[in-house]
Colleague: 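Have a look at the structure that comes next, please.
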Amino acid sequence: MAKAGISTRADNYAQWYLDIVDKADLAEPSGVVRGAMVIKPTGYAVWEGIQRGLDQRIKATGHVNAYFPLFIPQSFLQKEAQHVAGFAPEVAVVTHAGGKQLEEPYVVRPTSEAIIGHTYSRWIQSWRDLPVLINQWANVVRWELRPRPFLRTTEFLWQEGHTAHATEAEAEAETLMILHDVYADFVENVMAIPLFRGLKSKRETFAGALRTYAIEAMMQDGRALQSGTSHNLGQNFARAFDITYQTPDNQREHVWTTSWGASTRLIGGLIMVHSDDDGLVLPPRLAPIQVVVVPIYKTEAEKTLVMEAVQRLTGSWAGRFSFKIDDREHLSPGFKYNEWEIKGVPLRVEVGPKDVQKGSVAIARRDIPGRDGKAFVPQDGLAERIADLLEEIQTNLFERARRYRDERTIDVTSYGELAEAVEQGFARAYWAGSDADEAKIQDDLKATIRVIPFDQPEQAGKCVVTGVETTRQVLFARSY
RNA sequence: CGGGGUGUGGCGCAGACUGGUAGCGCGCGGCGUUUGGGACGCUGAGGUCGUAGGUUCGAAUCCUAUCACCCCGACCA
């Protein structure tokens, strides 16, 4: 147990994660609905940052927002065979409403392909109606067997994009564009989480999709977290929901659809990539509060001097970075330091009577805990220094996570090496195996193919299970 | 679904074996002293003991049933 009642990562990683969620005040189990959580203001502010970043990118790439119903007639879900098989075990069903049993039960959406497919079939008539590029921000419900805050909750928040196109090539381009320009761009540049990008294996493909692409991140325990997915649905849903259009030469064709989503799970990834045994660590570009100022004083006279200095120093900060002056009375400075560290605020500025005298402040960076991350700097040019430091922390977090990931991503050539590698991280292996081979590895090693990376080797090698020569490499890992 | 655990002031727990009408720590309110790495004193408020039934003169405690949540393994963003 480290300070503040947070378990250490080395000691008990799962408990450490739960402790961070709790102590950083991000969320708490509802206590009354299985697997459901209350996202507290601190946690929701992080989600709002994620929403902002994704929404901006989604719109910049030509999409618009809309909203579709929470309830879906049960029969809709059954129209696409793979889809119903994939989701049947985890849907919640409403059988009664208005004081009586319903003619046809409604399912609470586990995802919205069905209801949106049905809607698109009415909206789309002509090639002139295409493409349809719509996103929705929504909650969905999946009755998971093993819930964990943010990572897997019964109800979660996400965005789901649903597009329809005239050609397969267009749908494929959309699917890939979302993965790179929306998800990967945001997650790497704002959340400072390094990613592997690629195609999902057949076993891991979304129920009803032609192809699923994903971004995968490595957590500090070496396990993988799927952090965003983008599906080329082919014409599967178009056929199931009869979404057709007339071509310029008056032919009737099924559209090609895509769907893509990223959820509150990203917050789980954020925690597990950057945080430490002292609490949450937030990357500056996402942190709701980037700088906290702790004034220090004993007497009223000191208080006046210090608060004057604080007002003067922070006067130019508005609009440059988000900050908070922690002027709560009767809490010791030490208490405040610890509290803001647990909550992951990237920078802390301390201003006391000695600083007022010397024209200095103390500044402490969250990414480097303890004395090493604390420095006394002149008040002159403080804003510039803070701006620089925030960027430096952003870069440092990303680079640190990337080094960690790369050190734990190991090229393996034998089954034994594969088994060993997934104990501590990712295994990169040549792969020509079957679905059954993959299933066996999952049984044996609890590891799955997380992604078939876009970056593929020049040279061929031998498949890690079959020994067959192949040029295809895949990444294996245990996953959340 | 299997395995384990727990339900007692806001939170964490004790009390249960050996029935007698509930206690500790933290937190919370008031007052005062404090404040450069988690301050202290005094004082005060706050509990149908998960729920239902039973045994008993008397149940947090014993019996039965039931509900819920949490944790550990197989499906999933």
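Numbered from 1 within each chain, the chains take letters A, B, ... in sequence-line order. Keep in mind that the numbers below use all heavy atoms, side chains included, and drop hydrogens, waters and symmetry copies.
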Colleague: If you check every side-chain atom of A:K354, which of B:A74, B:C76, B:G36 has the closest atom?
Modeller: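 Nearest listed nucleotide: B:G36.
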Colleague: Taking the minimum atom-to-atom distance to the side chain of A:A14, which one of B:C72, B:A74, B:C76 wins?
Modeller: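 From the listed options, B:C72 comes nearest.
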Colleague: Measure the distance from CD on A:E329 to P on B:G29 and round it to the nearest whole Å.
Modeller: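 Distance, rounded to whole Å: 15 Å.
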Colleague: Does NZ belonging to A:K40 count more than 12 external heavy atoms closer than 6.0 Å?
Modeller: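 It does: A:K40 NZ has more than 12 such atoms within range.
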Colleague: Ring centroid separation for A:H180 and A:F454, is it under 6.0 angstrom?
Modeller: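 When the ring centroids of A:H180 and A:F454 are compared, they turn out to be within the sub-6.0 Å range.
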Colleague: Taking atom types as they are modelled, would you say the side chain of A:E341 forms a donor-acceptor pair with the base of B:G37 within the 3.5 Å cutoff?
Modeller: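 Looking at the base of B:G37, it does pair with a donor or acceptor on the side chain of A:E341 (distance under 3.5 Å).
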Colleague: Between B:C70, B:A77, B:C72, spot the one nearest the side chain of A:R148, thanks.
Modeller: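 The nucleotide sitting nearest to the side chain is B:C72.
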Colleague: If you check every side-chain atom of A:R348, which of B:C72, B:U35, B:G37 has the closest atom?
Modeller: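 Of the options given, the side chain of A:R348 lies nearest B:G37.
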Colleague: Can you find a side chain N or O atom of A:R146 that sits less than 4.0 Å from OP1 or OP2 on B:G73?
Modeller: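 So the side chain of A:R146 is within the cut-off, an N or O lying under 4.0 Å from OP1 or OP2 of B:G73.
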Colleague: What is the pairing partner of B:A68, taking Watson-Crick or G-U wobble pairs with both distances under 3.5 Å in any strand?
Modeller: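 Across all strands, the one nucleotide that pairs with B:A68 is B:U6.
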Colleague: Rounded to whole angstrom, note down the P distance from B:C62 over to B:A74.
Modeller: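 Rounded to whole Å, the distance is 36 Å.
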Colleague: Kindly say whether, by distance alone, the side chain of A:R371 makes a donor-acceptor pair under 3.5 Å with the base of B:G37?
Modeller: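 Flag unset: no donor-acceptor pair detected.
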Colleague: Below the 4.0 Å mark, does B:A77 have OP1 or OP2 next to a side-chain nitrogen or oxygen of A:T229?
Modeller: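 No, because none of the side-chain N or O atoms of A:T229 sits under 4.0 Å from OP1 or OP2 of B:A77.
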Colleague: Looking at A:R152 and B:C76, is any side-chain donor or acceptor paired with a base atom of the opposite kind under 3.5 Å?
Modeller: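 Such a pair exists between side chain and base.
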Colleague: Please report whether the ring centroid of A:Y120 lies less than 6.0 Å from that of A:F237.
Modeller: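 They do not qualify: ring centres at least 6.0 Å apart.
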Colleague: Could you check whether A:T153 gets within reach of a base, just the sugar-phosphate, or nothing at all, counting any heavy atom under 4.0 Å?
Modeller: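 Base, at least one base atom sits under 4.0 Å.
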Colleague: Given B:C70, B:C71, B:G36, identify the nucleotide with an atom nearest to the side chain of A:L18.
Modeller: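 Of the candidates, B:C71 comes closest.
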Colleague: Test for a donor-acceptor pair under 3.5 Å between the base of B:G37 and the side chain of A:K374, counting only N and O atoms.
Modeller: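 Side chain to base: pair present.
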Colleague: Reckon A:L225 touches a base, only the sugar-phosphate, or nothing at all at heavy-atom distances under 4.0 Å?
Modeller: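 A:L225: no heavy atom of the nucleic acid under 4.0 Å.
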Colleague: Please state how far atom CG in A:D326 lies from atom P in B:U35, giving the value in whole angstrom units.
Modeller: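 In whole Å, B:U35 P and A:D326 CG are 17 Å from each other.
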Colleague: Looking at B:U35, does its base get a donor-acceptor pair with the side chain of A:H330 below 3.5 Å?
Modeller: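 Not at all, since no donor on one side and acceptor on the other fall under 3.5 Å apart.
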Colleague: Taking only side-chain N and O atoms of A:Q442, does any of them lie within less than 4.0 angstrom of OP1 or OP2 on B:C75?
Modeller: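 So the side-chain polar atoms of A:Q442 do come within 4.0 Å of the phosphate oxygens OP1 or OP2 of B:C75, strictly under.
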Colleague: Just call it for A:A362: base, sugar-phosphate, or nothing, with non-hydrogen atoms closer than 4.0 Å on any strand.
Modeller: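 If one applies the 4.0 Å heavy-atom cut-off, A:A362 turns out to touch a base.
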Colleague: Say you pick atom P in B:G53 and the same atom in B:G58; how far apart are they, in whole Å?
Modeller: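 Each nucleotide's P atom is 15 Å from the other's.
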Colleague: What residue among A:R197, A:R223, A:R478, A:K200 forms salt bridge (Lys or Arg N to Asp or Glu O under 4.0 Å) with A:E216?
Modeller: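 For A:E216, the salt bridge (Lys or Arg N to Asp or Glu O under 4.0 Å) check succeeds only for A:K200.
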Colleague: For the C1' atoms, the ones on B:G9 and on B:A60, what distance do you get once it is rounded to whole angstrom?
Modeller: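 About 14 Å, rounded to a whole number of Å.
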Colleague: For nucleotides B:G7 and B:U51, find the distance between their C1' atoms and express it as a whole number of Å.
Modeller: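 Each nucleotide's C1' atom is 11 Å from the other's.
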Colleague: For A:E420, look at atom CD and say whether over 12 heavy atoms of other residues, nucleotides or ligands are found less than 6.0 Å away.
Modeller: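 No, not enclosed.
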Colleague: Suppose you measure atom P in B:G73 against the same atom in B:G37; what distance do you get, rounded to whole Å?
Modeller: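 Per the computed distance, 41 Å lies between those P atoms.
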